[in-house]
Each structure stands twice: as structure tokens, then as C-alpha cells.
Number of protein chains: 2
Amino acid sequence: MDNQLKRGLLDVCVLAAIKNEDSYGYKIIKDVKPYVEMSESTLYTILKRLELANMLTVHTSEHGGRLRKYYHITNAGLGRLEDFREEWREVMSIWQFVTREDG
Amino acid sequence: MDNQLKRGLLDVCVLAAIKNEDSYGYKIIKDVKPYVEMSESTLYTILKRLELANMLTVHTSEHGGRLRKYYHITNAGLGRLEDFREEWREVMSIWQFVTREDG
DNA sequence: AGGGAATACTTCGTGATATGATGTATTGCG
DNA sequence: CGCAATACATCATATCACGAAGTATTCCCT
């Protein structure tokens, strides 16, 4: 799918992936894959960006003798998902303009 | 609205604006404005990109003693709009993932 | 025991892109 | 005469997705 269309969707996809329970990089990619293709470098870039924006927090935890970085959504992150629903109305209005049949 | 969400939408907005009749820069912006904000520099960047991709052709025509560049959509451009409808199914699937309530 | 696949995270460089700022020039109106 | 509107163009900048490459560990099969 068009790379540009994905922009603006990827961030909220990641937030949605950790919305209900904390998750970690590898799992996020697998959860999101059925919907959008996302490379590891892209994911970790996004995670860092979201952390800087206080949309999520990070805590390291041991699992099977190996360290994992778990990502936890913040209230700001949940708010971002709410805002996204609002923004979607505008997106749908654009969609209607693009796909309208008449002049 | 989130700038990122607009990307991928802007190109097809411009194509949609010239879909039914040839148009020119200033008019395209005015037609699109109710749906998406687009600056002039952005528009002309997009028009140039679409021309390079053979999505539209340009012809200069005089209007009121002044030259105007009219943009005409090509079959490839119309095809792009068709493809967009297909891509939209994927976008809606992503949307459902993001806004789903259950885990 | 050995080896490869899967898990897990990180950094770097690149190309694409939207946009503000800025500039140029003409028409129309008060 | 002056200003807003029309109309187009270029440049620098910041953001972003992604491939490539690297490091390390665990798990499973033979």
C-alpha cells in the first residue's frame, strides 16, 4: 500500500497495540502485521518518538533469562487514540471529496 | 488535524480536483480547502510530482490577459484514483484495529 | 553437541515529503 | 494611486519510513 497513506496511521497502530496490555517490540510487530507492514527500524523509531512525546513509558523486565523492554501506554497516549477518532471524521470527509462521482 | 494523516491523501485530492474538468493552481487550492488545508508551495510540489509521474498534463492558456497553467488528468491519473479506492479497504482495516475496544 | 531459525533490540544513512518564507508579476477595485 | 486578490515559483528545513547491518540470546531439530 501507498507509503504515504500509512503515515499518521503507524503511530496510532503502535499505541493501539499496547492499549490493553503492555507489550514489547517483537510482539507489537507481529500484532500489527496483519494490518500494516512495519519494519523493526520503523517500529523502534516510532516507539522512541512516542516515548519522547510521553505517550508511553518503558520498563525493562526479564523474560526467559533475557531482557525485554515493555511499553506501557500513558493517559496522553490514550488521549491520542481518542483524538484520532475525531480526526477520522475529517479524513472521511476528504475521502468523500476524492471519491465523489459528480463535479 | 494531524499533518501526517494528510499525507497520501493530498495527491489524490489534487487529482480529484481536476478529475471532471481541467483546473489551475489557485482554483485547486480553493476547491480543496474545505476538506484539507494545503499551502501553495505544497500544491505546486505535488503538481510537479504528479506531472513527472504522468498522472496529469499541463497546458498554458491565456485568461484575462494573464497566463494560466491548466492541469489535465491522464488515464494514469484516473487509474490512481481507482487504486486509491482499493487501498482504502486496507486503511479501513487498520482503522478497525486502532479503534477496536477488545484486546 | 552443533547449527540454524526465531527472538529481541539498536544505529546509521537515505530518499521522500509538507511547509513556511520569500519573491515576482499582473488584474481589479475603490 | 494603492492594496487586495490572483497566479506561479524556488529554497531551506524538519519529519519520517525504511533498508542495511550489527549484536546477542534462546529454542528446536538432527
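Every chain is numbered from 1 and lettered A, B, ... according to where its sequence line falls, protein lines coming before strand lines.
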Donor-acceptor pair present, A/Arg66 side chain and C/dT7 base, under 3.5 Å: yes

Counted 5' to 3', the first and last nucleotides of DNA chain D within 4.0 Å (strictly under) of a heavy-atom of chain B are D/dT6 to D/dC16

Between B/Val36 and B/Cys13, the two heavy atoms sitting closest are CG2-SG, 3.7 Å

Heavy atoms of B/Ile73 and B/Ile18 approach each other most closely as N-CD1, 3.8 Å

How far does [atom1] of [X] sit from [atom2] of [Y], to the nearest 0.5 angstrom?
X: B/Ile28; Y: B/Met38; atom1: CD1; atom2: CE; result: 8.5 Å
X: B/Arg7; Y: A/Leu5; atom1: CZ; atom2: CG; result: 12.0 Å
X: A/Thr99; Y: A/Met92; atom1: OG1; atom2: CE; result: 8.0 Å

Taken in chain and number order and not counting sequence neighbours, the residues that satisfy salt bridge (Lys or Arg N to Asp or Glu O under 4.0 Å) with A/Arg49 are A/Asp11

Sorted by chain and residue number, the salt bridge (Lys or Arg N to Asp or Glu O under 4.0 Å) partners of A/Lys27 (sequence neighbours excluded) come out as A/Asp31

B/Val14 versus B/Val32: any side-chain heavy-atom pair under 4.5 Å? no

* Do B/Phe84 and B/Leu9 come close enough that some side-chain heavy atom pair is under 4.5 Å? -> yes

The complete set of ring pair (Phe, Tyr, Trp, His ring centres under 6.0 Å) pairs with one or both residues in residues 44-69 of chain A, sequence neighbours excluded, reads A/His59-A/Tyr70

In numerical order, the residues of residues 22-35 of chain A whose heavy atoms come under 4.0 Å of DNA chain C are A/Tyr24, A/Gly25, A/Tyr26, A/Lys30

Given protein heavy atoms under 4.0 Å, the one-letter contact record of nucleotides 10-19 of chain C, with B base, S sugar-phosphate only and - none, is simply BB-----BSB

